Peer 1: 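First the structure, which I've put down as structure tokens, then a few questions once you've had a look.
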Amino acid sequence: MSSTFRLLRIDSSGRTSESSTRTLTDDLVDALQDRHHNINVVRRDLASGVPFVEQGWIDANFTPEEDR
């Protein structure tokens with residue numbers, strides 16, 4: 001008898017396309033799902049809906065001031 005497990009994935013990085021933590025979490029969730037096919041992943045993104053913290057704003061903070 002196989003039970004279904006629930007995994008809560010919480011993302012909080014304002015970076016969506018270049019986030020190291022999101023990439024690492026993607027890899028971890030993929031590996032868990034490959035090993036255990038009975039995992040239901042519930043996703044929550046804490047950065048979603050925060051208007052001033054987005055990819056462009058984050059990139060600007062890592063750009064030298066004279067290049068902004």
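Quick caveat: nothing in here was measured; it's all calculated off a predicted structure.
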Peer 1: Drop me the distance from Arg43's CZ to Thr25's OG1, to the nearest 0.5 angstrom.
Peer 2: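 Arg43 CZ to Thr25 OG1: 10.0 Å, rounded to 0.5 Å.
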Peer 1: Which pair of heavy atoms, one from Ile58 and one from Gly14, lies closest together, and at what distance?
Peer 2: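 Looking at all heavy atoms of both residues, the closest pair is CD1-C, 3.3 Å.
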Peer 1: Do the side chains of Asn40 and Phe5 get nearer than 4.5 Å, heavy atoms only?
Peer 2: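 No, side chains not in contact.
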Peer 1: Arg9: what forms a salt bridge (Lys or Arg N to Asp or Glu O under 4.0 Å) with it, not counting sequence neighbours?
Peer 2: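 Arg9 satisfies salt bridge (Lys or Arg N to Asp or Glu O under 4.0 Å) with Asp11, Asp26 once adjacent residues are dropped.
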Peer 1: With Ala47, which residues qualify under side-chain contact (heavy atoms from CB on, under 4.5 Å), at least two apart?
Peer 2: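 Ala47: side-chain contact (heavy atoms from CB on, under 4.5 Å) contacts with Arg22, Asp45.
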Peer 1: By the salt bridge (Lys or Arg N to Asp or Glu O under 4.0 Å) test, which pairs, at least two apart or in different chains, include something from residues 28-39?
Peer 2: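 For residues 28-39, and leaving out neighbouring residues, there are no salt bridge (Lys or Arg N to Asp or Glu O under 4.0 Å) pairs at all.
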Peer 1: Is there a path from Leu8 to Leu46 through hydrophobic residues (I, L, V, M, F, W, Y) whose side chains come within less than 4.5 Å of each other?
Peer 2: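 In one cluster with Leu8: Leu46, yes.
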Peer 1: So how far is it from His36 NE2 to Leu7 CG, rounded to the nearest 0.5 Å?
Peer 2: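 Separation between the atoms: 11.0 Å.
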Peer 1: Does Glu66 have more than 12 heavy atoms from other residues, nucleotides or ligands lying within 6.0 Å of its CD?
Peer 2: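 Yes.
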Peer 1: Under a 4.5 Å cut-off applied to non-hydrogen side-chain atoms, are Asp59 and Arg15 in contact?
Peer 2: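 Contact flag for Asp59/Arg15 side chains = yes.
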Peer 1: I need the minimum non-hydrogen distance between Gln33 and Ile39, along with the two atoms involved.
Peer 2: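 Heavy atoms of Gln33 and Ile39 come nearest at NE2-O, 4.2 Å.
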